[in-house]
Amino acid sequence: MALTVRVVYWRWALGYKSKYLQLKKKLEDEFPGCLDISGEGTPQATGFFEVTVAGKLIHSKKKGDGYVDTESKFLKLVAAIKAALAQG
């Protein structure tokens with residue numbers, strides 16, 4: 001069974017969906033066949049770009065993390081995914 005990764009982003013803001021799609025591809029390349037990645041665009045002006053792994057919030061733009069736009073931010077997600085996969 002694939003590990004669930006969920007990204008919630010602001011649907012109407014320019015660039016949010018493309019950032020989600022870029023992150024999705026990068027994670028799929030890193031963990032081929034291991035993840036069930038879904039994205040949800042919020043209809044209201046939220047400013048969200050929130051990433052949860054197995055139900056746990058790992059990255060939050062609203063809490064100051066910004067986008068997943070650096071290698072260190074991506075590696076934080078990779079570490080969380082590896083830990084969740086190891087727990088089975």
Side-chain angles (χ1 to χ4, degrees):
M1 188 159 121
L3 180 68
T4 301
V5 176
R6 184 168 179 252
V7 180
V8 178
Y9 58 91
W10 184 14
R11 180 188 321 173
W12 302 113
L14 293 176
Y16 279 64
K17 185 172 184 178
S18 66
K19 290 181 188 312
Y20 156 66
L21 293 172
Q22 289 170 357
L23 177 60
K24 180 179 181 187
K25 178 168 181 1
K26 199 168 177 182
L27 289 173
E28 288 172 339
D29 290 347
E30 185 79 22
F31 299 96
C34 296
L35 305 178
D36 176 18
I37 304 172
S38 64
E40 176 189 346
T42 62
Q44 298 87 15
T46 59
F48 281 177
F49 198 87
E50 317 295 291
V51 182
T52 59
V53 175
K56 181 178 178 187
L57 182 64
I58 303 299
H59 181 93
S60 173
K61 182 177 176 290
K62 290 293 274 191
K63 293 184 179 180
D65 293 333
Y67 298 108
V68 182
D69 55 0
T70 65
E71 191 65 15
S72 63
K73 292 175 185 180
F74 179 71
L75 291 176
K76 177 182 167 188
L77 291 177
V78 168
I81 291 168
K82 285 181 178 178
L85 287 170
Q87 291 179 354

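One distance of note links NZ of Lys24 with OG of Ser38; it measures 8.5 Å at 0.5 Å rounding. Atoms NZ and CD, from Lys17 and Gln22 in turn, are 13.0 Å apart once rounded to the nearest 0.5 Å. Ser72 OG to Leu77 CG: the interatomic distance, rounded to the nearest 0.5 Å, is 10.5 Å. With rounding to the nearest 0.5 Å, the separation of CG in Leu3 from CD in Gln87 is 10.0 Å.
Proximity of a side-chain donor or acceptor of His59 to a complementary backbone N or O of Phe74 within less than 3.5 Å is not detected. A donor-acceptor contact shorter than 3.5 Å links the side chain of Tyr20 to the backbone of Gly39.
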- Thr4 vs Leu35, side-chain contact (heavy atoms from CB on, under 4.5 Å): CA-CA, chis, key distance, verdict: CA-CA 6 Å; Thr4 301; Leu35 305 178; over 6 Å; no

- Pair Tyr9-Phe48, side-chain contact (heavy atoms from CB on, under 4.5 Å): steps then yes or no: CA-CA 5 Å; Tyr9 58 91; Phe48 281 177; 5.7 Å; no

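Closest non-hydrogen pair, Leu85 versus Phe31, comes out as CD1-CD2, 3.9 Å. Nearest heavy-atom pair, Thr52 versus Gly55, reported as atom, atom and distance to 0.1 Å: CB-C, 4.3 Å. When all heavy atoms are compared, the tightest approach of Ala2 to Asp36 is CB-N, 3.7 Å. Heavy-atom minimum distance, Val8 versus Thr42: CG1-CG2, 3.4 Å.
Side-chain contact between Glu50 and Leu57: present, with at least one pair of heavy atoms (C-beta onward) separated by less than 4.5 Å.
Exactly one residue among Ile81, Leu75, Val78 makes a side chain to side chain contact (heavy atoms under 4.5 Å, CB included) with Glu30. That residue is Val78.
Lys61 and Tyr16 are linked by a side-chain donor-acceptor pair at a separation below 3.5 angstrom, with hydrogens and angles left out of the test.
Judged as a salt bridge (charged side-chain N to carboxylate O under 4.0 Å, His left out), the pairs with a partner in residues 69-81 (not counting sequence neighbours) are, in order, Lys26-Glu71, Asp65-Lys76, Asp69-Lys73.
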